[in-house]
Peer 1: 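Supplied in C-alpha cells, the structure appears directly below.
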Number of protein chains: 2
Amino acid sequence: MSSNNTAHETAPQFAAHVFAALGDHTRLSLIEKLSDGQTRSIAGLSVDSHLTRQAITKHLHILEEAGLVISTKVGRESQFAFKPDTIEEVRAYLDSVSRQWDDALSRLRAFVER
Amino acid sequence: MSSNNTAHETAPQFAAHVFAALGDHTRLSLIEKLSDGQTRSIAGLSVDSHLTRQAITKHLHILEEAGLVISTKVGRESQFAFKPDTIEEVRAYLDSVSRQWDDALSRLRAFVER
DNA sequence: CATAAGTGCAACCTCCTGGTTGCCTTTATC
DNA sequence: GATAAAGGCAACCAGGAGGTTGCACTTATG
C-alpha cells in the first residue's frame, strides 16, 4: 500500500480515494471492460454507452487519477489500459480489515473457552 | 455475491454500491474502528470526531444500508457492529476482476510463446 | 420526579458530481 | 486540400452528498 500513492496519503485516505473511484457503476463497468487486458480508445469505450463521450472521458480521468487506469496518446487517439497494481493494494487493504476482524474473533473465542 | 444483496442488484451494481459506501474517509474510519469486533453506540463513535453526532449518524446509516454494518437498539442507545460478510463479497468481486486480468495475461503469454 | 444522556427527525445550506452542449484543435483519409 | 474522426476545453445545469442547527422523544439516574 504505497507504490501508487504518489500524493503521500495515509493508507485509509488512499483506500477511500480508490473506493470512491470504484463507487460508480459507469466507472466500474469501464474497469471491467479494460480488465481483459486490451487497450481501448475513448471512442471505443463510449460506443456502447448511452452516455456522451465527454462523460466517459471524465470518468476515465477520475479512474486515471485514482491509479486504476493509465492512458497513452497514440496518433489522434488516447489509449486507455487497466492498471492492476492499485486494485491489488486495495485488496490488501481489505485483507487488513478482515484480518483485524478475524483476530478479534479468535481473541473472543479464546476468552469464552477459558 | 448474493446473500447481502437484498435489492436484487447485479453483481457490479452491488459492488459499486458498497464501494461508494467505502469511498469516504469518515465512513472508512468508522469501519476500521468497528472491525475490532466491539460494538459501539453513536455517541461512542462520535466522541473523538470533529463532526457532529448527526453527521456520524448519517454515515452509519449509509454503511448499514450498504450492508457493511448492523445496528440493534438496546435501551436508549443503538449499538453498531461490523458485519464482515459484505466485505467478503466485495473482496470476492475484486478477485474476479483480478482473475480476468490474470487470465488475459496468461493468454497473451501463450500467444507470444508459440 | 427532575434532569441528563442518547437518539431521531426535519429543515436548511453549500459544494461537488455526473452529465450535457458547443466549439476548437489535431490527425487520418479520400 | 477537403472532410471526417478523435479528442480537449470550458461553461453550464440539476441533483445529491456531507454537514449543521433546532427541537422533540425516550430512557437512565440521582
Side-chain angles (χ1 to χ4, degrees), chain A residues 7 9-10 12-34 38-81, chain B residues 7 9-10 12-34 38-81:
Chain A
E9 299 170 303
T10 67
Q13 283 173 341
F14 174 74
H17 189 194
V18 177
F19 284 139
L22 292 175
D24 178 284
H25 58 283
T26 301
R27 289 196 288 268
L28 205 52
S29 73
L30 288 172
I31 289 287
E32 287 188 341
K33 283 183 193 168
L34 289 175
Q38 300 213 337
T39 258
R40 287 172 181 82
S41 70
I42 296 181
L45 286 167
S46 309
V47 66
D48 56 342
S49 169
H50 60 290
L51 296 181
T52 315
R53 174 181 56 84
Q54 312 300 346
I56 302 291
T57 301
K58 284 192 182 180
H59 283 303
L60 287 171
H61 286 159
I62 291 174
L63 288 174
E64 184 171 26
E65 203 244 355
L68 288 163
V69 121
I70 194 174
S71 78
T72 55
K73 189 137 193 176
V74 37
R76 72 179 157 185
E77 56 190 21
S78 56
Q79 293 286 335
F80 280 81
Chain B
E9 298 168 304
T10 67
Q13 284 174 340
F14 174 75
H17 189 196
V18 177
F19 284 139
L22 292 175
D24 178 283
H25 58 284
T26 302
R27 289 196 288 270
L28 205 52
S29 72
L30 288 172
I31 289 286
E32 287 187 341
K33 285 183 192 168
L34 289 175
Q38 299 214 337
T39 258
R40 286 171 181 84
S41 70
I42 296 180
L45 287 166
S46 308
V47 66
D48 57 341
S49 168
H50 61 289
L51 296 182
T52 314
R53 173 180 56 84
Q54 275 56 353
I56 302 291
T57 302
K58 283 191 183 180
H59 284 303
L60 286 172
H61 286 160
I62 291 173
L63 289 174
E64 185 170 25
E65 203 244 353
L68 289 162
V69 122
I70 194 173
S71 77
T72 55
K73 188 138 196 176
V74 37
R76 70 180 158 187
E77 55 190 21
S78 58
Q79 293 286 335
F80 280 80

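Numbers restart at 1 for each chain; the letters A, B, ... are given by sequence-line order, proteins then strands.
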Peer 1: Mind checking what makes side-chain contact (heavy atoms from CB on, under 4.5 Å) contact with E65(B), not counting sequence neighbours?
Peer 2: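 side-chain contact (heavy atoms from CB on, under 4.5 Å) list for E65(B), sorted by chain: H17(B).
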Peer 1: At under 4.0 Å between heavy atoms, how does the protein contact nucleotides 18-30 of chain C? Give one character per nucleotide, 5' to 3', with B, S or -.
Peer 2: SBBBB----BS--
Peer 1: Would you give the length of the straight line joining atom OG of S46(B) to atom CG of L51(B), rounded to the nearest 0.5 angstrom?
Peer 2: 8.5 Å
Peer 1: For K33(A), does its backbone N or O pair with a side-chain atom of R40(A) as donor and acceptor, under 3.5 Å?
Peer 2: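 Between the backbone of K33(A) and the side chain of R40(A) there is a qualifying donor-acceptor contact (under 3.5 Å).
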Peer 1: Distance-only, no hydrogens or angles: does the E64(B) side chain make a donor-acceptor pair with backbone N or O of S71(B) under 3.5 Å?
Peer 2: yes
Peer 1: Give DNA chain C the dot-bracket treatment, 5' to 3': Watson-Crick (N1-N3 with N6-O4 or O6-N4) or G-U (N1-O2, O6-N3) under 3.5 Å, [ ] crossing, | other strand.
Peer 2: ||||||||||||||||||||||||||||||
Peer 1: Between S49(B) and I56(B), which heavy-atom pair has the shortest distance, and what is it?
Peer 2: OG-CD1, 3.9 Å
Peer 1: Report the residues that fulfil side-chain contact (heavy atoms from CB on, under 4.5 Å) with A81(A), sequence neighbours left out, ordered by chain and then residue number.
Peer 2: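 By the side-chain contact (heavy atoms from CB on, under 4.5 Å) rule, A81(A) matches T39(A), I70(A).
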Peer 1: What residues form a ring-ring contact (aromatic ring centres under 6.0 Å, His included) with F80(A), not counting sequence neighbours?
Peer 2: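 Scan of F80(A) (ring-ring contact (aromatic ring centres under 6.0 Å, His included), adjacent residues dropped) gives none.
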Peer 1: Taking any atom under 4.0 angstrom from a heavy atom of chain B, which nucleotides of DNA chain D are the first and last to qualify, 5' to 3'?
Peer 2: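 On DNA chain D, the outermost contacted nucleotides are dG18(D) to dA28(D).
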Peer 1: Side chain of R27(A), backbone of L22(A): donor and acceptor closer than 3.5 Å?
Peer 2: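 Judged by distance alone, no pair lies under 3.5 Å.
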Peer 1: Checking T52(B) side chain against A55(B) main chain: does a donor-acceptor pair fall under 3.5 Å?
Peer 2: no
Peer 1: Report yes or no: does Q13(B) contribute a side-chain atom to a donor-acceptor pair with the main-chain N or O of H25(A) at less than 3.5 Å?
Peer 2: no
